[in-house]
Amino acid sequence: MANKIQTVKGTREFYPEQMALRNFIYEKVRAASQAFGYQEYDGPFIEPIDLYAAKSGEELVKKQSFTFQDRGGDFVTLRPELTPSLARMIAAKQGELTFPVRWWSFGPFWRYESPQKGRTREFFQWNVDMIGVDTPEADAELIAVAASFLRSVGLTPRQAAIFVNNRSLINAQFDALDIPPEKRVDVSNLIDRRAKMKPEAWDENGLELGLNRNQLEGLKGVLENYELWKQSEELVRVFDALEALGVKEYIKFEPGVMRGLLYYTSTVFEAFDLTGSVRRSILGGGRYDNLLADVGGDPLPATGFAMGDVVIGIILQEKGLVPEFDPTPADVLVTVFDESLWKKSLELSTQLRNAGIATMVYPEAVKLQKQFKFADRMKMKVALVLGPEEAEKGLVVVKNLLNGEQVQVQTEAVVEEVKKLLG
RNA sequence: GAGCCUAUGGUGUAACGGCAGCACAACACACUGUGGAUGUGUUAGUAUGGGUUCGAAACCCAUUAGGCUCCCCA
């Protein structure tokens with residue numbers, strides 16, 4: 001114990017049970033993406049650091065990424081996000097791709113941050129993006145993909161919601177309050193923080209940023225105005241589309257959703273668990289029409305979102321939405337009676353596998369009791385016994401482990417009998 | 001990067017500065033051709049490194065890991 005080498009901080013080991021959860025998420029993500037016609041893709045896991053330097057802040061690249069020099073002396077980084085790789089991939093084939101491009105991906109990412117509940121240094125992230133159109137209906141589609149996923153894993157609108165806002169709508173409010181453009185980032189961050197601060201502390205924070213009383217009160221008015229979306233043609237169209245897409249019950253207008261990122265230009269959204277212990281967002285995204293041009297591609301409008309596997313994994317477990325773990329993909333155990341019958345048991349298993357039935361052979365000629373106990377623990381459904389008596393007569397015992405009943409059948413009839421039991 | 005809290009068999013927990021105990025799990029046996037139940041037994045622990053003390057799981061310092069905030073959340 002003392003000398004064991006620990007895992008790298010913030011990484012997780014995926015035992016079969018955790019792997020099942022990861023695959024469960026992957027399957028649901030894939031289904032939601034493909035239902036809307038998105039194609040799966042991926043980029044490299046290691047990238048030149050310069051790819052991120054173009055648009056990311058210094059703190060991000062230097063402090064929050066896994067960066068190192070390779071043997072040739074080049075600085076490379078474990079990808080902290082996918083969007084720059086996506087932008088490069090789109091730019092490289094801009095002439096060949098059929099637009100609008102609808103792409104999705106689910107893969108590993110790394111961020112050098114302090115691990116907390118819902119946050120690790122190594123995680124999986126689902127990315128979904130549509131590139132080449134700038135309609136509010138496209139934004140709505142992305143939100144609908146996200147909502148379909150939430151629904152497909154069993155989260156009800158009462159348990160999870162997607163909060164939608166619009167950057168340009170809020171920027172117009174800033175203008176109306178005479179909040180200068182250079183303060184927008186700070187004020188946006190202030191808005192993001194509102195939910196987790198006491199009102200007095202929040203007020204104080206706002207005054208420190210240089211807002212006056214009028215601006216502060218005006219800002220609160222904006223944040224409490226849940227009719228504000230009616231002033232945004234884009235949001236009106238987004239909400240109309242979401243209704244037609246059948247996911248309206250998951251959607252709420254929320255003037256306080258800003259998203260930290262600078263590059264969002266219009267629609268922004270973020271999904272939260274409404275009832276559980278995780279306060280972090282489940283997923284988030286929005287429209288980023290300038291990004292592709294910023295990283296060196298031709299200007300192309302784009303909209304998309306990302307979801308990490310950690311937060312959603314915790315939520316699914318807390319709410320009991322993860323399917324019961326199945327310890328083995330094999331439903332049938334062929335027991336081994338004694339050393340002299342090894343070969344017959346192995347042959348029997350081959351016969352079953354050739355018929356498409358996943359089958360395990362017990363790998364030791366130990367007491368049947370032990371072999372049965374193993375089958376029980378592994379929640380297997382059928383056990384086969386081939387002892388001296390059966391071998392002599394060309395028979396096999398087929399036992400239904402769910403009800404304990406067993407029958408002797410001809411060796412040739414085993415497959416049929418097993419199929420009957422597995423239904 | 002900053003502050004606070006936590007760390008005892010595989011898991012969950014107990015022990016005033018004085019013999020580290022309990023439950024579950026695992027394994028074995030009861031049960032030499034059949035699992036789930038029961039009983040008996042066995043295995044197994046004070047995160048790491050220092051210090052204080054006659055004596056440390058307990059007190060002190062550091063480290064590591066985890067948790068909660070701040071920051072950040074591409």
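Convention: sequence-line order gives letters A, B, ...; per-chain numbering from 1. Just so it is clear, the model here is predicted, and its values are computed rather than measured.
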Exercise: do Tyr264(A) and Asn165(A) side chains pair donor with acceptor under 3.5 Å: no
Between rG35(B) (P) and Phe372(A) (CZ): distance, integer Å: 8 Å
Atom P, compared across rC24(B) and rU64(B): separation rounded to whole Å: 38 Å
Side chain Lys399(A) and base rG35(B) donor-acceptor under 3.5 Å: yes
Dot-bracket notation for RNA chain B, counting Watson-Crick and G-U pairs under 3.5 Å, with | for partners on another strand: (((((((..((((....[..)))).(((((.......)))))....(((((..]....))))))))))))....
Test item: side-chain donor near acceptor, Arg22(A) and Tyr26(A), under 3.5 Å: no
Any Lys379(A) side-chain N or O less than 4.0 Å from OP1/OP2 of rG36(B): no
Distance, P atom - from rU11(B) to rA26(B), rounded to whole angstrom: 15 Å
Residues Met360(A), Phe374(A); criterion side-chain contact (heavy atoms from CB on, under 4.5 Å); working and verdict: CA-CA 11 Å; Met360(A) 272 200 257; Phe374(A) 173 80; 4.1 Å; yes
Nearest-Å distance for atom pair CD/C1', residues Gln369(A) and rA28(B): 11 Å
Within-4.5 Å side-chain heavy-atom neighbours: Leu352(A) and Leu384(A): yes
Enclosure of Glu217(A) CD (heavy-atom neighbours >12, cutoff 6.0 Å): yes
Spacing of the P atoms in rG50(B) and rU43(B) (rounded, Å): 29 Å
Heavy-atom pair of closest approach, residues Phe174(A) and Ser188(A): CE1-OG, 4.1 Å
Integer-rounded Å distance: rG35(B) P and Leu333(A) CG: 14 Å
Same-atom distance (C1') from rG51(B) to rA58(B), integer angstrom: 15 Å
Nearest-angstrom distance, C1' atom, rA57(B) to rU46(B): 5 Å
Polar contact flag, side-chain donor to acceptor under 3.5 angstrom, Ser266(A)-Glu234(A): yes
Nearest listed nucleotide, side chain of Val385(A), among rG33(B), rC73(B), rG35(B): rG33(B)
Span that lies between the P atom of rC5(B) and that of rA62(B), in whole angstrom: 12 Å
Trp103(A) and Tyr41(A) aromatic ring geometry - parallel, tilted or perpendicular at 30°/60° bounds: tilted
Whole-Å distance separating the CD atom of Glu270(A) from the C1' atom of rC72(B): 13 Å
Derivation and outcome, ring pair (Phe, Tyr, Trp, His ring centres under 6.0 Å), residues Phe149(A) and Trp126(A): CA-CA 11 Å; Phe149(A) 167 80; Trp126(A) 177 33; 5.2 Å; yes
Contact pattern, 5' to 3', of nucleotides 63-70 of chain B - B, S or - by protein heavy atom under 4.0 Å: -SSSSSBB
Sugar-phosphate only, base, or nothing, as touched by Gly284(A) at under 4.0 Å among non-hydrogen atoms: nothing
Distance in angstrom units between Gln406(A) CD and rU34(B) P, rounded: 10 Å
Integer angstrom distance from the P of rA25(B) to that of rG39(B): 11 Å
Residue whose closest nucleotide on RNA chain B lies nearer the 5' end, Gly387(A) versus Asp376(A): Gly387(A)
Among rC29(B), rU34(B), rC72(B), the one nearest Lys367(A) by side-chain distance: rC29(B)
Touch class at under 4.0 angstrom, heavy-atom based, for Phe337(A) against every strand present: base
Listed nucleotide nearest any side-chain atom of Leu368(A), set rU34(B), rA26(B), rG36(B): rU34(B)
Between P of rG33(B) and CG of Leu341(A), the distance in whole Å: 13 Å
Met380(A) CE to rG35(B) P, straight-line distance once rounded to whole Å: 16 Å
Nearest-angstrom distance, P atom, rG45(B) to rU8(B): 14 Å
Length of the line joining Leu384(A):CG and rG35(B):P, which is rounded to integer Å: 16 Å
Lys344(A) NZ: over 12 foreign heavy atoms closer than 6.0 Å: no
Side-chain heavy atoms of Phe14(A) within contact of Asn23(A), under 4.5 Å: no
Given RNA chain B, 5'-ward residue of the pair Arg377(A) and Pro388(A), judged by closest heavy atom: Arg377(A)
Base rG33(B) paired with Glu390(A) side chain (donor-acceptor, <3.5 Å): yes
